[in-house]
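Just so it is clear: chains get the letters A, B, ... in the order the sequence lines come, proteins before strands, and each one is counted from 1. This structure is a prediction, so every number in the text was calculated from the model and none was measured.
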Amino acid sequence: MAREVGRVEITMEALFARLAADFGDGLGELRVQEPDTLVAAVERRALHALAERLKAHELGYETLNFIAAVDHVRHLEAVYHLYSWHTNTWLELHVEVPRGTAELDTVTDVWPGADWHEREAWDMMGIRFKGHPDLRRILLKDDFIGHPLRKDYVDRAENHPHV
Amino acid sequence: MGIGDDVIRMVPDRLKVQYPKLSDFSQPNVITTTADLVFAWARSRSVFPFTYGLACCAIEMLSSGFAKFDVARYGMEVFRPTPRQCDLMIVAGTVNEKMAPVLKRLYDQMSEPKWVVSMGACATSGGPFYDGYNVVNGVDKVVPVDVYIPGCPPRPEALFQGLLELQKVIRQYKFVPELPEVPEPAEPAERS
Ligand code: SF4
């Protein structure tokens with residue numbers, strides 16, 4: 001059931017202090033990046049539990065707007081853009097993902113809207129989301145080989161079996 | 001002398017034999033021509049294009065349908081979103097590898113006779129995305145193309161020139177099938 005959304009007047013500093021107090025190390029390197037955006041680094045093993053707590057929190061982040069995937073060459077990164085309708089602020093969770101075993105826990109059970117975003121991150125960046133109900137490619141055809149937005153992707157004729 | 005005669009005089013002599021003078025219609029008359037010519041004349045002027053906009057070129061295709069450019073002048077304004085009602089596929093935009101099988105299937109569903117116009121650099125060769133990991137380098141890898149229109153995007157005028165070229169293609173088309181050769185009946189063998 002959707003909770004009633006009550007607008008909460010709170011300054012960014014107070015919100016920062018509140019989140020830092022409630023989540024502690026869960027939200028690492030928490031900082032205010034823009035007038036309405038907080039940024040935090042999150043351990044990838046702690047992601048799922050944290051997602052549940054963030055959504056259930058009193059000033060919680062009920063909306064997952066987008067999951068971005070970034071290739072930092074040394075490692076990959078997933079960026080979760082959350083939005084709070086109580087405080088009208090954003091929270092970005094930056095999750096570092098190793099290149100070799102690029103795996104994350106799915107958050108589709110917390111925010112169902114994550115479904116297609118996770119499929120796209122898998123399709124383009126090759127981040128595998130454990131527990132996703134239907135992790136197929138979404139933009140490219142099913143028999144495509146490789147994950148083309150990775151920096152080390154090389155386009156070869158073999159990747160296109162039927163053309 | 002009516003305005004019709006002026007127009008008739010602008011038609012080159014070699015074409016005149018094919019068309020009656022407008023003044024001929026003022027009295028009972030008979031026109032002799034070939035079925036092919038009539039079909040070709042009619043078909044080339046009532047083409048039903050298939051709404052196949054895939055990328056930015058589609059915007060130019062749409063604008064050519066609006067009042068300022070008005071493709072209706074050539075009898076091609078009825079864009080249809082279903083292949084069963086179309087005989088011209090204007091491929092306007094980038095064909096990617098996931099779209100290619102769909103495009104082929106829709107082309108197969110169009111009823112004969114049918115034509116394909118490749119509009120813009122993307123549909124012709126892959127265009128700016130030639131090296132893309134997911135781009136088909138030219139729609140002619142998937143379906144046969146009759147007219148290619150260069151440009152990125154081609155202006156509506158360029159599309160019209162392509163469509164006028166297509167009308168020439170359509171007019172060459174033989175609609176009446178050739179009659180099969182009938183062998184001469186053999187002479188009855190003479191009784192002895
Ligand atoms: S040819 Fe140019 S305008 Fe046309 S679809 Fe390609 S990129 Fe867009």
For residues 88-103 of chain A, which side-chain donor-acceptor pairs fall under 3.5 Å, sequence neighbours excluded?
from, atom 1, to, atom 2, distance (Å)
A/Thr89, OG1, A/Tyr61, OH, 3.4
A/Thr89, OG1, A/Thr87, OG1, 2.8
A/Glu92, OE1, A/His94, NE2, 3.1
A/His94, ND1, A/Glu77, OE1, 3.4
A/Arg99, NH1, A/Asp71, OD1, 2.8
A/Arg99, NH1, A/Val73, O, 3.0
A/Arg99, NH2, A/Asp71, OD2, 3.2
A/Arg99, NH2, A/Asp152, OD1, 3.2
A/Arg99, NH2, A/Asp152, OD2, 3.3

For this session: Working to the nearest 0.5 Å, report the span between CD1 of A/Ile145 and OH of B/Tyr133.
Result: 15.5 Å
Exercise. If you count the non-hydrogen atoms of other residues, nucleotides and ligands that lie under 6.0 Å from CZ in A/Arg128, is the total more than 12?
Worked result: no
Problem set entry | Under 4.5 Å from a heavy atom of chain A, the part of B/Asp131 involved | backbone
Exercise. Taking only residues two or more places apart in sequence, or in another chain, which ones meet B/Asp140 in a salt bridge (Lys or Arg N to Asp or Glu O under 4.0 Å)?
Worked result: none
Problem set entry | Exam field: side chain A/Lys141 to backbone B/Asn134, donor-acceptor pair closer than 3.5 Å | no
Exercise. Could you state the interatomic distance from CG (A/Asp143) to NZ (B/Lys98), rounded to the nearest 0.5 Å?
Worked result: 10.5 Å
Exercise. Within a reach of under 6.0 Å around NZ of A/Lys151, are more than 12 heavy atoms found that belong to other residues, nucleotides or ligands?
Worked result: no
